[in-house]
Protein chains: 2
Amino acid sequence: MRTHELVLRQVEADLAAGRLRLGDRLPGERALAGQLGVSRPSVREAIRVLEAMGVVRTAVGSGPDAGAVIVAEPASPLTATLRLHLATSHLPMGDIVQTRVLLESWAVREAAGRAEPEELAAPRHLLDAMDDPELPRERFHLLDAEFHVALAALAGNVLVATIMASLRDAIHGYVVAAAADLPDWNATVDMLRQQHRAVLAAVASGEGERAAALVADHIEGFYRTARLA
Amino acid sequence: MRTHELVLRQVEADLAAGRLRLGDRLPGERALAGQLGVSRPSVREAIRVLEAMGVVRTAVGSGPDAGAVIVAEPASPLTATLRLHLATSHLPMGDIVQTRVLLESWAVREAAGRAEPEELAAPRHLLDAMDDPELPRERFHLLDAEFHVALAALAGNVLVATIMASLRDAIHGYVVAAAADLPDWNATVDMLRQQHRAVLAAVASGEGERAAALVADHIEGFYRTARLA
DNA sequence: CAGCCATGTGTGGTCAGACCACAAGGTATC
DNA sequence: GATACCTTGTGGTCTGACCACACATGGCTG
């Protein structure tokens with residue numbers, strides 16, 4: 001067992017036992033090293049891994065926000081991991097698109113049956129913001145991603161929403177690059193806006209199957225148009 | 001930008017550009033530090049992160065297997081991340097089970113339509129191995145996990161199979177613990193065996209919907225019996 | 001000559017100690 | 001009373017050293 005893994009194991013045990021909770025601060029690197037009888041570099045390596053997994057956030061300086069704080073950000077590590085493996089070309093874009101379709105279809109079908117009307121306000125505001133004709137493309141894509149994540153969140157499953165957000169983030173760069181080559185951006189945007197509205201309306205009226213079919217068409221259609229999959 | 005992030009960015013760029021490929025070795029820590037003009041601890045922190053993301057595997061000693069080698073293991077980092085966030089209780093077990101049901105139902109439905117008969121040999125052999133009445137419980141659980149992953153792999157989507165494997169691994173400890181408390185282990189195992197066979201048979205005969213329903217019942221039933229969700 | 005064993009060499013793993021940049025909070029000054 | 005300064009504690013980085021390990025090489029031994 002390498003030394004930094006020992007530190008990791010200790011922190012994980014503290015988390016599982018409730019000795020460390022969300023918002024708590026880890027002891028300082030020097031203190032932790034002393035407590036566990038290891039050197040500071042080993043502690044630092046462990047903290048880097050925790051940081052990469054979205055379990056802690058580090059900040060320099062003093063005060064309540066400084067140091068290594070326990071957070072819960074499972075999305076960012078998933079994104080980074082997917083992006084890296086996408087870079088190595090061992091994760092086909094087609095599989096990612098297919099997974100998105102599968103997760104989002106399920107999410108809207110589920111959401112149609114359980115989402116309260118007031119929960120629909122968040123995605124609706126995003127759509128309103130996307131109606132702005134002056135919106136830069138980059139901003140449109142970001143709002144688009146947010147809308148899909150908000151939609152997935154309606155299903156009430158943290159894991160699915162997290163995976164969705166990660167998938168969308170990981171391919172964001174590819175989407176922006178591909179969209180730049182589209183022959184008629186304005187027409188594409190109008191179509192996307194209509195499809196978004198249609199999906200949300202189906203969810204609002206409780207038509208789960210219809211919402212699922214619409215969102216699947218929407219996603220597959222875009223990637224086909226952008227020649228990404 | 002912290003120093004180790006600079007190293008990470010450099011490696012990612014090399015991966016994306018094809019200068020680093022699967023199986024290649026990173027320069028030694030000292031050499032890499034020299035090339036990038038940073039210190040060895042910074043390089044090490046970056047390598048720890050890459051390792052945590054399943055992009056490299058490190059080994060000491062000499063020879064072709066030593067050093068930091070590029071690998072593609074997206075499953076292990078996902079597993080570790082899920083496990084850690086499960087430990088912080090910010091990822092409900094119910095959501096994981098629900099996600100498994102959703103992914104596996106889709107996978108078997110897909111597999112029923114496309115899997116070649118010879119592809120079914122792998123999961124079938126796992127089921128044969130699980131028929132051994134002398135099998136220790138721990139071993140049974142491992143084979144069970146392998147079977148579900150093999151099933152998911154039949155759908156031909158690397159990402160879905162990877163997520164499935166990670167989910168199963170992340171909760172493996174909880175499953176083993178819960179199964180130890182079951183009132184009648186032998187009856188449970190018999191039921192699981194029958195359900196597995198039924199699912200595989202439905203896939204083999206191309207009955208996608210039936211397979212999906214069976215696998216959903218199988219998973220939900222087990223977690224209900226084990227009082228995990 | 002064939003096999004074994006000691007040694008060399010390069011690798012990651014670990015450590016100690018030092019210094020820097022930064023941010024908060026107390027303190028002295030105006 | 002407000003402001004500027006300084007103390008203090010934090011992570012960030014570097015240097016240099018030593019250890020454990022595993023393969024490669026060579027010589028030694030049978």
Side-chain angles (χ1 to χ4, degrees), chain A residues 1-12 14-15 20-71 73 76-77 80, chain B residues 1-12 14-15 20-71 73 76-77 80:
Chain A
M1 163 94 57
R2 288 127 102 200
T3 310
H4 81 271
E5 295 179 42
L6 185 148
V7 180
L8 282 175
R9 178 175 291 196
Q10 183 60 45
V11 172
E12 182 172 357
D14 285 348
L15 284 170
L20 280 177
R21 323 185 63 143
L22 197 67
D24 285 356
R25 289 175 47 183
L26 252 57
E29 297 180 354
R30 296 162 180 84
L32 199 50
Q35 287 173 26
L36 301 178
V38 303
S39 72
R40 203 179 148 209
S42 296
V43 169
R44 282 182 62 77
E45 289 183 16
I47 291 180
R48 281 294 88 74
V49 173
L50 291 172
E51 200 176 36
M53 289 182 175
V55 175
V56 307
R57 171 187 56 71
T58 63
V60 294
S62 143
D65 274 5
V69 181
I70 308 286
V71 296
E73 289 179 357
S76 40
Chain B
M1 163 96 53
R2 285 126 101 200
T3 310
H4 81 270
E5 294 180 55
L6 185 148
V7 181
L8 281 175
R9 178 174 292 197
Q10 183 60 44
V11 172
E12 182 173 357
D14 285 348
L15 283 171
L20 281 177
R21 322 184 65 141
L22 197 67
D24 286 353
R25 288 175 48 183
L26 251 56
E29 298 180 353
R30 296 164 180 82
L32 199 50
Q35 287 173 25
L36 302 179
V38 302
S39 72
R40 204 180 147 207
S42 295
V43 169
R44 283 182 62 77
E45 290 183 16
I47 290 180
R48 281 295 87 75
V49 173
L50 290 172
E51 201 176 35
M53 288 183 175
V55 174
V56 307
R57 171 187 56 71
T58 64
V60 295
S62 139
D65 274 5
V69 181
I70 307 285
V71 296
E73 289 178 358
S76 41

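Values below: all heavy atoms of this structure, side chains included; hydrogens, waters and symmetry mates excluded. Below, chain A is the first sequence line, B the second, and so on; all start at residue 1. Bear in mind the structure is a predicted one, so any value in this text is a computation, not a measurement.
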Positive for side chain to side chain contact (heavy atoms under 4.5 Å, CB included) with A:L8, one of A:V55, A:L50, A:T3: A:L50

With A:E29 via salt bridge (charged side-chain N to carboxylate O under 4.0 Å, His left out) - residues at least two apart: A:R40, A:R44

Phosphate OP1/OP2 of C:dG25: any A:S62 side-chain N/O under 4.0 Å: no

Sidechain N-carboxylate O distance under 4.0 Å for A:E5, A:R2: yes

Nucleotides bounding contact with chain A, strand DNA chain D, heavy-atom threshold 4.0 Å: D:dG9 to D:dT13

Comparing A:R30 and B:I47 on DNA chain C - which has the more 5′ nearest nucleotide: B:I47

Residue whose closest nucleotide on DNA chain C lies nearer the 5' end, B:L26 versus A:G61: B:L26

Touch class at under 4.0 angstrom, heavy-atom based, for A:R48 against every strand present: sugar-phosphate

pair B:D24-B:V69: side-chain heavy atoms closer than 4.5 Å: no

Phosphate contact (C:dC15 OP1 or OP2) by A:S39 side-chain N/O below 4.0 Å: yes

Atom pair distance, as rounded to whole Å: CD in B:E29 and P in C:dT14: 10 Å

Value in whole Å for how far the P atom of C:dC22 lies from CE of B:M1: 16 Å

Nucleotide nearest A:S42 when distance is taken to its side chain, options C:dC15, C:dG25, C:dT11: C:dC15

B:R48 side chain to A:A46 backbone, donor-acceptor under 3.5 Å: no

Rounded interatomic separation in angstrom, taking CZ from A:R40 and C1' from C:dG17: 11 Å

Any donor-acceptor N/O pair, B:R25 side chain to B:A66 backbone, under 3.5 Å: yes

